Amino acid sequence: MPELPEVETTRRGLLPRVAGRRIRSIAVRNGSLRWPVPADIAKRLSGETIRDIRRRAKYLLFDLGKGHLLVHLGMSGRLTLLPAGTPARKHDHVDIELEGGTLLRFTDPRRFGAMLWLESPAESHALLKDLGMEPLDAAFTGQALRARAKGRSVSIKQFLMNGRIVTGVGNIYASEALFHAGIAPGRSAGRVSAARYDRLAEAVRRTLARAIAAGGSTLRDFASAEGRPGYFQQRHAVYKREGKPCRVCKTPIRALRQGQRSTFFCPRCQK
DNA sequence: AATCTTTCCTGCCGGC
DNA sequence: TGCCGGCAGGAAAGAT
């Protein structure tokens with residue numbers, strides 16, 4: 001499941017290989033993604049040059065000058081570079097053929113992903129305009145987090161996963177960051193101290209940065225014939241470790257549900 | 001067969 | 001009153 005580090009790894013892997021290249025054609029095999037792939041997508045993209053790839057939250061934005069191609073990987077999406085003419089398999093929904101014989105292929109078994117055309121400026125699009133802080137930006141600080149949390153009763157874990165507050169912190173990293181910051185996941189966001197918000201912001205930043213670094217080390221795979229993106233297994237502190245000993249204090253890790261999502265935590269290390 | 005995954009959307013609630 | 005923000009719950013598809 002692509003979280004922010006995987007999306008960023010995909011961006012970094014693709015950028016040097018597609019920047020400056022023209023799009024020859026687009027083939028939409030199955031356009032029923034989270035939203036229908038626009039019927040005129042081929043008209044919009046054909047002949048345009050990919051100038052840059054940016055990332056906002058977990059959205060990838062391919063800058064085509066006149067507008068942007070937005071791609072979201074959803075839960076099971078993947079972008080891979082392949083030689084033109086590679087036969088499509090079951091879940092290969094969209095092919096973008098670049099000049100020079102390369103195929104940029106979108107694969108997504110569960111089809112929670114998205115592929116849309118955005119007029120410039122992309123930031124004013126409904127999907128992007130209300131997004132919160134980027135966790136890797138300098139503006140993302142404990143102080144900024146705490147200011148947004150003032151008076152809010154929602155749990156700190158759900159607060160952290162709210163994209164209007166911070167973007168790109170999914171279920172795994174929310175549990176992991178709270179563990180590293182020593183904060184119990186059920187605590188109200190409005191009742192977390194300034195010092196602990198500082199620790200939390202740092203934990204979020206460090207956890208994501210470490211995962212991106214790990215992904216970067218697998219970029220070679222991304223460029224291989226297999227075309228696998230830079231997914232990687234992380235050694236989690238608490239995620240999916242229910243009943244197993246805490247790596248710090250040996251207390252069994254516990255699980256609970258918050259907003260229909262699973263949360264993992266150490267009852268001794270997190271208060 | 002229920003569970004798990006992301007995140008947008010709908011609708012309720014209370015405050016002003 | 002009507003509007004707003006906060007918040008909970010539902011929905012989508014497919015693998016296991």
Side-chain angles (χ1 to χ4, degrees), chain A residues 1-11 28-38 55-61 70-79 88-94 106-116 118 122-135 145-177 185-192 204 207-208 211 229 231-234 236 238-243 253 255-264:
Chain A
M1 59 228 90
E3 290 226 33
L4 187 143
E6 286 87 343
V7 177
E8 178 62 21
T9 298
T10 297
R11 188 188 75 79
V28 179
R29 229 167 269 108
N30 182 353
S32 335
L33 305 183
R34 175 159 197 164
W35 300 285
V37 174
R55 179 186 59 73
R56 178 74 172 104
K58 293 178 188 169
Y59 296 103
L60 287 170
L61 298 166
L70 173 147
V71 177
H72 196 290
L73 301 178
M75 300 215 19
S76 57
R78 228 160 63 207
L79 281 172
R89 303 212 285 191
K90 191 174 179 187
H91 302 299
D92 296 338
H93 306 311
V94 182
F106 179 76
T107 307
D108 186 5
R110 287 173 215 176
R111 289 192 277 123
F112 279 19
M115 195 169 273
L116 298 171
L118 269 56
E123 286 71 18
S124 57
H125 188 272
L127 288 175
L128 305 182
K129 68 180 169 59
D130 294 320
L131 291 174
M133 298 176 271
E134 280 292 329
L145 261 185
R146 185 161 182 256
R148 304 282 264 114
K150 194 171 181 196
R152 297 182 69 154
S153 61
V154 72
S155 73
I156 183 69
K157 195 234 182 185
Q158 288 171 283
F159 177 73
L160 202 51
M161 288 179 66
N162 183 343
R164 288 168 184 246
I165 308 296
V166 201
T167 62
V169 182
N171 202 38
I172 298 172
Y173 291 104
S175 279
E176 293 292 297
R187 183 175 286 275
S188 285
R191 296 174 180 275
V192 171
V204 168
T207 313
L208 293 174
Y231 294 169
F232 39 87
Q233 287 295 323
Q234 268 232 285
H236 300 307
V238 290
Y239 187 73
K240 283 216 167 139
R241 295 196 65 241
E242 183 177 12
I253 297 301
L256 59 85
R257 290 192 76 76
Q258 295 178 288
Q260 300 155 297
R261 311 300 304 279
S262 53
T263 299
F264 300 87

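For the numbers below, each heavy atom of this structure counts, side chains included, while hydrogens, waters and symmetry mates do not. By convention in this document, chain letters (A, B, ...) are assigned in the order of the sequence lines, proteins followed by strands, and residues within each chain are numbered from 1. Keep in mind it's a predicted model, so treat the numbers as computed, not measured.
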Contacts of Ser32(A) meeting side chain to side chain contact (heavy atoms under 4.5 Å, CB included) (sequence neighbours excluded), chain-then-number -> Asn30(A), Arg111(A)
On a heavy-atom basis, the closest approach of Pro135(A) and Val204(A) is CB-CG1, 3.9 Å
Which of Leu60(A), Val71(A), Leu79(A) passes side chain to side chain contact (heavy atoms under 4.5 Å, CB included) with Val7(A)? Answer is Leu60(A)
Of dC7(C), dC8(B), dA8(C), the nucleotide closest to the side chain of Tyr59(A) is dC8(B)
Handout entry: Short side-chain N/O contact from Tyr239(A) to OP1 or OP2 of dC4(B), under 4.0 Å
Key = no
Closest non-hydrogen atoms of Gly77(A) and Asp108(A), given as atom of the first, atom of the second and distance, are N-OD1, 3.4 Å
note: Lys129(A), atom NZ; dC9(B), atom C1'; distance rounded to Å ~ 13 Å
Letter by letter from the 5' end, nucleotides 11-16 of chain B scores (B base, S sugar-phosphate only, - none; protein heavy atoms under 4.0 Å) ------
In whole angstroms, the gap separating P of dG6(C) from CG of Leu160(A) amounts to 16 Å
Protein heavy-atom contacts under 4.0 Å, written 5' to 3' over nucleotides 11-16 of chain C as B (base), S (sugar-phosphate only) or - (none), form the string -BBBS-
Do the side-chain N or O atoms of Ser153(A) get closer than 4.0 angstrom to the phosphate oxygens (OP1, OP2) of dC7(C)?
-> yes
Taking atom types as modelled and ignoring hydrogens, do the side chains of Glu6(A) and Thr9(A) form a donor-acceptor contact shorter than 3.5 angstrom?
no
No-hydrogen, no-angle side-chain donor-acceptor test under 3.5 Å, Thr263(A) and Lys157(A)
yes
Flag for Glu134(A)-Thr167(A): side-chain donor and acceptor within less than 3.5 Å:
yes
Check: Hey, does Arg148(A) reach any base, or is it just sugar-phosphate, or nothing, if we go heavy atoms under 4.0 Å?
Finding: nothing
Nearest heavy-atom approach of His236(A) to Arg241(A) is O-CD, 3.3 Å
In whole angstroms, the gap separating C1' of dA8(C) from CZ of Arg257(A) amounts to 14 Å
For Leu4(A) and Ala57(A), the nearest pair of non-hydrogen atoms, with its separation, is CD1-O, 4.1 Å
The side chain to side chain contact (heavy atoms under 4.5 Å, CB included) partners of Arg29(A) (sequence neighbours excluded) come to Ala88(A), Asp92(A), Asp95(A), Arg105(A)
Correct closest heavy-atom pair for Arg257(A) and Gln260(A) would be NH2-O, 2.7 Å
When rounded to whole Å, the NE2 to C1' distance for the pair His125(A) and dC8(B) reads 12 Å
For Tyr59(A), the ring-ring contact (aromatic ring centres under 6.0 Å, His included) test, sequence neighbours excluded, returns His72(A)
To the nearest angstrom, the CG-P distance between Asn162(A) and dT7(B) comes to 11 Å
Report task. Using a 4.0 Å heavy-atom cut-off across all strands, classify Phe159(A) as base, sugar-phosphate, or nothing. Result -> nothing
Between NZ of Lys240(A) and P of dC4(B) the distance, given in whole Å, is 9 Å
Gln158(A) CD to dT7(B) C1', in whole Å, measures 14 Å
Applying the Watson-Crick and G-U criteria (both distances under 3.5 angstrom) with [ ] for crossing and | for other-strand pairs, one obtains for DNA chain C .|||||||||||||||
Between CZ of Arg78(A) and C1' of dT5(B) the distance, given in whole Å, is 16 Å
